[in-house]
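Notes follow once the structure below has been shown.
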There are 2 protein chains.
Amino acid sequence: MAKTNRTYKETYNACLDYILSLGAEACLPPEKEMAAKWSISRSTVRAVLDHLAEEKIIHWKGREKTVLRLPAKADYFQASETRPTADLIEPAFMQYIVGGDLAPGTVLRESELAKNFGVSASSVREYLIRFSRFGLIEKKPNRYWVLNGFTRDFAMELFDVREMFELRAFDTFVQLPRDHDSWKKLAALGDEHRYLQEDIDGRYMQFPRLDDRFHRLIISTFHNRFADDFYDLVALIFHYHYRWNKTGEKERNADAVEEHLMVIDALGVGDFDVGRIRFREHLQTARRTLLASVSWD
Amino acid sequence: MAKTNRTYKETYNACLDYILSLGAEACLPPEKEMAAKWSISRSTVRAVLDHLAEEKIIHWKGREKTVLRLPAKADYFQASETRPTADLIEPAFMQYIVGGDLAPGTVLRESELAKNFGVSASSVREYLIRFSRFGLIEKKPNRYWVLNGFTRDFAMELFDVREMFELRAFDTFVQLPRDHDSWKKLAALGDEHRYLQEDIDGRYMQFPRLDDRFHRLIISTFHNRFADDFYDLVALIFHYHYRWNKTGEKERNADAVEEHLMVIDALGVGDFDVGRIRFREHLQTARRTLLASVSWD
DNA sequence: ATCTTGTTTTTTATGTAGAAAATACAATTT
DNA sequence: AAATTGTATTTTCTACATAAAAAACAAGAT
């Protein structure tokens, strides 16, 4: 097989949605317009129109494109068919290494992973090359990939850099004029934290999303692509950490919400020094929590 | 064509060297030992032995491997044939973008690069994926790669992080016990700087190598893989910067040698505060120098 | 004359084939 | 029996083929 046709399938689904929004007996716009709408080429638009006509959803002759019937659930492609291969590999791969709690030094074979994940070896290969930038895996030329693994040292070094970046960003943040957009966003985040806190038992699972947004807001004020990029790694680690380590999950999240709020509130009343101390403490807690879950030296 | 046989060719050349070191009429060790010697498989060793026998350089029958004649220059494979594809692409690629002074936003097509560099599209593709971790290029899915380029912003952000890492490492460095290996290395580097300074007109071209070693020595005391990794990018940028921007090269290098020595000497006599100030100043100079050479906003 | 569609060409994405290299196992020599 | 070689199998690497998607071009409609 060659290239996958997920662009086509994704566009087809988007087009079905679009037809629904237009209603029955409507006319579709010119091909060029549709291509621009979804940022794809006219070739793909025409392939979609072809299929729509085949399915008797529209009548298509030249510039005549009239809706014959509204699409139903069954007309859509499955979500799994539209996702890009890389998006398919990531969770599978992370499940494999984090979920499997593999020891550092474990050998990873492209062909084996490809078989496990049901994708081609080249896709796996490209994913691993991309993933290797995080420093968790390494290639032995002509041999295999080796899992450096999420060791204690790795976690410590990760947090050393994270703290440098976030504290630097924090200092930039507090210097922003009070009418800056970021202050508004911080206040809004504070409200969301309080909403979550109101029913922490029922909503604690939503914390990771909030945690990510809080820290990204801070980091973003640094305006540094390398710091942003580094936070991708932090986020990846935390995402899968939260996902597979469920012990004391509720308490951990409740504590973190509390800590975030102490920072947000201190900043809200202009007490930057206290805010900084609380922020440092929060980073320390995060470090301890993560280190506690590291199974390898 | 399939896999390249550069491992074989490289091993063959290494084996010729080895035979020369053994002298005439010597016997080669067991296959397993040779495989271990060059960290390759026995299959490759046997392929090499096959060729050696064919060329009548050795007589090979079972475990009998006697040298018949000493190899000559002509027996070796060309250096270009033994270099890994990736090593072949890097200088070509950097020449292409830095040497060509391409504007940010320039479109890079895999097929075009492959044709230019005389390698396969897949090799180029893998190189670009790996290179993309530096943030200088970006992939537009289903389209092409775009050169984000070495802009003023990029250089500024690069230096912000570089300064954070290096100053942090510096503070760790001065805390090291005086009998630590790194202090000895620093003193040795000081001598090398002075040697270079003695005849700066004749030796200034050697400075980039020294610059790299000086900064890597500092960075290494931080013991942080992310900082080390980041310095790879800094080194890459500087390497090609030094390579293509020759204006005022001698003066720049002479100044930098002077600055390095001020840091090294201050530290040598235990004056850490002055050393730190000088080190900061040196980083500032480096930033200014690099920014002066940025052609794009 | 401009906009839109029909057709062709170019480029990208990804599975596959086949050689290279590694690895495993069997046979042989010491 | 241990070490080494011979042979077979497995895995990796990379050029290539081909479908998808984009882009360019030509023709037709308004």
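In what follows, every heavy atom counts, from backbone to side chain, and hydrogens, waters and symmetry copies are set aside. What you see is a predicted model; the values in this text were computed from it and never measured. Chain letters run A, B, ... following the sequence lines, proteins first and then strands; every chain starts at 1.
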(request) Classify the side-chain pair B/Tyr12/B/Glu55 by whether it contains a donor and acceptor separated by less than 3.5 Å. (result)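 B/Glu55 and B/Tyr12 do not have a side-chain donor-acceptor pair below 3.5 Å.
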(message) Under a 3.5 Å threshold, yes or no: a donor from one side chain and an acceptor from the other, between B/Asp228 and B/Ser220?
(response) no
Rounded to whole Å, how long is the line connecting atom [atom1] of [X] with atom [atom2] of [N]?
{"X": "A/Glu64", "N": "C/dT4", "atom1": "CD", "atom2": "C1'", "answer": "14 Å"}
{"X": "A/Glu112", "N": "D/dT9", "atom1": "CD", "atom2": "P", "answer": "20 Å"}
{"X": "B/Lys32", "N": "C/dC25", "atom1": "NZ", "atom2": "P", "answer": "15 Å"}
{"X": "A/Glu110", "N": "C/dA21", "atom1": "CD", "atom2": "C1'", "answer": "14 Å"}
{"X": "B/Phe77", "N": "C/dA20", "atom1": "CZ", "atom2": "P", "answer": "11 Å"}
{"X": "A/Leu113", "N": "D/dT11", "atom1": "CG", "atom2": "P", "answer": "12 Å"}
{"X": "B/Glu31", "N": "C/dT28", "atom1": "CD", "atom2": "C1'", "answer": "13 Å"}

(message) Below 4.0 angstrom, which residues in residues 123-134 of chain A have at least one non-hydrogen atom near DNA chain C?
(response) A/Ser123
(message) Check whether A/Tyr231 forms a cation-pi arrangement with A/Arg225 (NZ or CZ under 6.0 Å from the six-membered ring centre, at most 45° off the ring normal).
(response)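 Because its charged atom misses either the 6.0 Å distance or the 45° angle limit, A/Arg225 does not stack over A/Tyr231.
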(request) Taking the six-membered ring of B/Phe222 (Phe, Tyr or Trp), confirm whether the NZ or CZ of B/Arg216 is under 6.0 Å from its centre and within 45° of its axis. (result) no
(request) Heavy atoms under 4.0 Å is the rule here; annotate nucleotides 20-30 of chain D 5' to 3' with B where the base is hit, S where only the sugar-phosphate is, and - elsewhere. (result) BSBBB---BS-
(request) Counting heavy atoms from C-beta on, name the nucleotide in D/dG6, C/dA13, C/dT7 closest to the side chain of B/Lys139. (result) C/dA13
Categorize [X] for me: base, sugar-phosphate, or nothing, with a 4.0 angstrom heavy-atom threshold over every strand shown.
{"X": "B/Ser122", "result": "base"}
{"X": "B/Lys61", "result": "nothing"}
{"X": "A/Lys115", "result": "nothing"}
{"X": "B/Trp145", "result": "nothing"}

Is any side-chain N of the basic residue among [X] and [Y] closer than 4.0 Å to the acidic one's carboxylate O?
{"X": "A/Lys140", "Y": "A/Glu138", "answer": "yes"}
{"X": "B/Arg125", "Y": "A/Glu126", "answer": "yes"}
{"X": "A/Asp75", "Y": "A/Arg69", "answer": "yes"}
{"X": "B/Arg133", "Y": "A/Asp229", "answer": "no"}

(message) When you measure from the side-chain N and O atoms of A/Lys65 to the phosphate of C/dT5, is any distance below 4.0 Å, counting only OP1 and OP2?
(response) yes
(message) Please determine whether a side-chain nitrogen or oxygen atom of B/Arg46 lies at a distance below 4.0 Å from atom OP1 or OP2 of D/dG6.
(response)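 For B/Arg46, the contact criterion (side-chain N or O under 4.0 Å from OP1 or OP2 of D/dG6) is met.
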(request) Check B/Gly62 against B/Lys65 and note the closest heavy-atom contact, atom names and distance. (result)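 Minimum heavy-atom contact is O-CG, 4.5 Å.
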